[in-house]
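Side chains included, hydrogens not; waters and symmetry mates left out as well; all remaining heavy atoms used. Every chain is numbered from 1 and lettered A, B, ... according to where its sequence line falls, protein lines coming before strand lines. Owing to the predicted nature of the structure, the values given are computational and were not obtained by experimental measurement.
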2 protein chains.
Amino acid sequence: MILNVDLAADVPIYQQIRDQVVEAIAHGALTEGSSLPPIRTLAADFGINFHTVNKAYDLLRQEGLIRLSRKTGAVVTAAAADQLIPSDWTARARTLLAEAVARGIPADEVLQACRTLLDSFGTTRQEDTQ
Amino acid sequence: MILNVDLAADVPIYQQIRDQVVEAIAHGALTEGSSLPPIRTLAADFGINFHTVNKAYDLLRQEGLIRLSRKTGAVVTAAAADQLIPSDWTARARTLLAEAVARGIPADEVLQACRTLLDSFGTTRQEDTQ
DNA sequence: GCTTTTGTTCTATTAGTTATAGAACAAAAG
DNA sequence: CTTTTGTTCTATAACTAATAGAACAAAAGC
């Protein structure tokens with residue numbers, strides 16, 4: 001699990017941590033039962049305050065992606081199978097896809113870019129650790 | 001052009017305005033040369049401050065989607081053909097798609113949702129105003 | 001010419017967010 | 001009993017979002 005934070009980016013640090021954990025779960029780099037580092041450890045590694053890491057973990061807990069407890073720390077939960085796509089996700093996707101189309105990028109290119117990204121998530125799972 | 005703002009939403013008002021204009025351009029409801037309402041008019045319609053609308057329009061101008069001038073107001077610019085997908089767009093798409101996959105939604109369902117959204121952008125253009 | 005309309009720019013204030021800091025608590029492992 | 005861990009509290013500084021008011025400048029319309 002390699003995380004990076006960019007203190008100068010316009011994305012908040014706690015959001016960057018949250019996003020990278022989400023991507024690691026999608027890639028299969030983090031699976032059910034995987035442990036995340038203790039908040040104080042991760043904060044020390046990044047040279048940031050532990051409250052910032054705590055905020056990122058708390059957000060992931062609210063989203064149901066990890067569970068938190070004393071001593072066992074932060075553990076990735078099982079993804080419930082056959083989930084429905086939440087309407088707020090669709091709304092955010094609509095805005096993001098519209099942005100590309102409004103800029104003049106052909107719809108089929110946008111869809112291909114999505115396909116490529118989704119394909120990249122399937123390539124780092126247990127069976128084919130490359 | 002019908003715009004709506006939700007004062008209680010966690011998305012900033014100026015961002016909501018910007019997003020809806022982007023989606024209107026993607027749908028073809030706004031095309032090259034279309035005029036947006038004057039900032040004071042739009043602000044009065046929503047019951048918000050004109051500086052907030054000004055911020056949204058300024059953002060759209062920075063993105064190259066509209067051009068602003070006194071008296072002609074805000075006008076939608078032509079989308080440059082054959083644009084490349086910007087890397088920051090890909091990064092945001094990666095995070096959004098990863099979020100769906102991490103929640104247990106199958107990749108093919110996510111891709112189908114993207115396809116459906118992209119298809120919906122093509123249905124309101126000049127040739128087939130339904 | 002004068003008024004109106006329009007975007008633009010300036011200062012200012014209030015409320016909320018982000019990140020930091022320090023202290024303390026509580027549960028559980030060793 | 002100590003250490004490790006998440007959790008909770010107060011506090012502060014810097015930044016963002018939204019509002020408010022004033023004023024400016026260019027161009028249209030009369």
Query raised in the report: Applying a 3.5 Å limit to both distances, which nucleotide forms a Watson-Crick or G-U wobble pair with D:dA23?
Result: C:dT8
Query raised in the report: Of B:Asn54 and A:Val11, whose closest DNA chain C nucleotide lies nearer the 5' terminus?
Result: B:Asn54
Query - Spacing of B:Leu7 atom CG relative to C:dA15 atom P, expressed in whole Å - result: 17 Å
Report task. Calculate the interatomic distance between B:Gln16 atom CD and D:dA17 atom P; express it in whole Å. Result -> 13 Å
Query raised in the report: Between A:Asp58 and A:Lys55, is there a side-chain N and carboxylate O pair less than 4.0 Å apart?
Result: no
Report summary line: Closest of D:dT8, C:dG7, D:dG6 to the A:Phe50 side chain is D:dT8
**Report entry** For C:dA29, the Watson-Crick or wobble counterpart (both distances under 3.5 Å)
**Finding:** D:dT2
Query - Under 3.5 Å on both distances, the Watson-Crick or G-U partner of C:dT13 - result: D:dA18
Requested in this report: Using a strict cut-off of less than 4.0 Å between a Lys/Arg side-chain nitrogen and an Asp/Glu carboxylate oxygen, indicate whether B:Arg94 and B:Glu99 qualify as a salt bridge.
Outcome: no
Query raised in the report: Does OP1 or OP2 of C:dT18 have a side-chain N or O of A:Lys55 closer than 4.0 Å?
Result: yes
Query - Any A:Tyr14 side-chain nitrogen or oxygen under 4.0 Å from OP1 or OP2 of C:dT18 - result: yes
Query - Between CD on residue B:Gln16 and CG on residue B:Asp10, distance to nearest 0.5 Å - result: 9.0 Å
Query raised in the report: Can you check the B:Ile39 CD1 to D:dA18 P distance for me, whole Å?
Result: 15 Å
**Report entry** For A:Arg115 against B:Leu111, the heavy-atom pair lying closest together
**Finding:** NH1-CD2, 3.5 Å
Query raised in the report: Without hydrogens or angle criteria, can the side chains of A:Gln112 and A:Asp108 be said to hold a donor-acceptor pair below 3.5 Å?
Result: no
Query raised in the report: To the nearest angstrom, how far is B:Tyr57 atom OH from C:dT6 atom P?
Result: 11 Å
Query raised in the report: Hey, does A:Thr72 reach any base, or is it just sugar-phosphate, or nothing, if we go heavy atoms under 4.0 Å?
Result: nothing
Report task. Would you mind telling me which of C:dT8, D:dA18, D:dG6 lies closest to the side-chain atoms of A:Leu68? Result -> D:dG6
Requested in this report: Tell me the partner of D:dT12, counting only Watson-Crick (N1-N3 plus N6-O4 or O6-N4) or G-U wobble (N1-O2 and O6-N3) with both under 3.5 Å; none if nothing fits.
Outcome: C:dA19
Query raised in the report: Rounded to the nearest 0.5 Å, how far apart are OG of B:Ser35 and CD1 of B:Ile66?
Result: 10.5 Å
**Report entry** Separation of D:dG6 C1' from A:Ile66 CD1 (nearest whole Å)
**Finding:** 11 Å
Requested in this report: Could you grab the distance from atom OG of B:Ser120 to atom CG of A:Leu97, nearest 0.5 Å is fine?
Outcome: 9.0 Å
Query - Spacing between A:Phe46 atom CZ and C:dT20 atom C1', to the nearest angstrom - result: 17 Å
Requested in this report: Return yes if the base of C:dG7 and the side-chain atoms of B:His51 contain a donor-acceptor N/O pair under 3.5 Å, otherwise no.
Outcome: no
Report task. Just compare C:dT8, D:dA20, C:dA21 and give me whichever is closest to any side-chain atom of B:Asn49. Result -> D:dA20
**Report entry** Modelled atom types, side-chain donor and acceptor of B:Glu23 and A:Thr95, under 3.5 Å
**Finding:** yes
Report task. Rounded off to whole Å, could you give me the CG-to-C1' distance for the A:Leu42 and D:dT5 pair? Result -> 14 Å
Report summary line: Of the candidates C:dT6, C:dT9, D:dT5, the side chain of A:Arg40 sits closest to D:dT5
So which protein nitrogen or oxygen atoms get under 3.5 Å of nucleotides 28-30 of chain C's nitrogens or oxygens?
none

**Report entry** Between C1' of C:dG7 and CG of B:Leu36, the distance in whole Å
**Finding:** 13 Å
Query raised in the report: Quick one: is A:Thr52 getting a side-chain N or O under 4.0 Å of the C:dT18 phosphate, OP1 or OP2?
Result: no
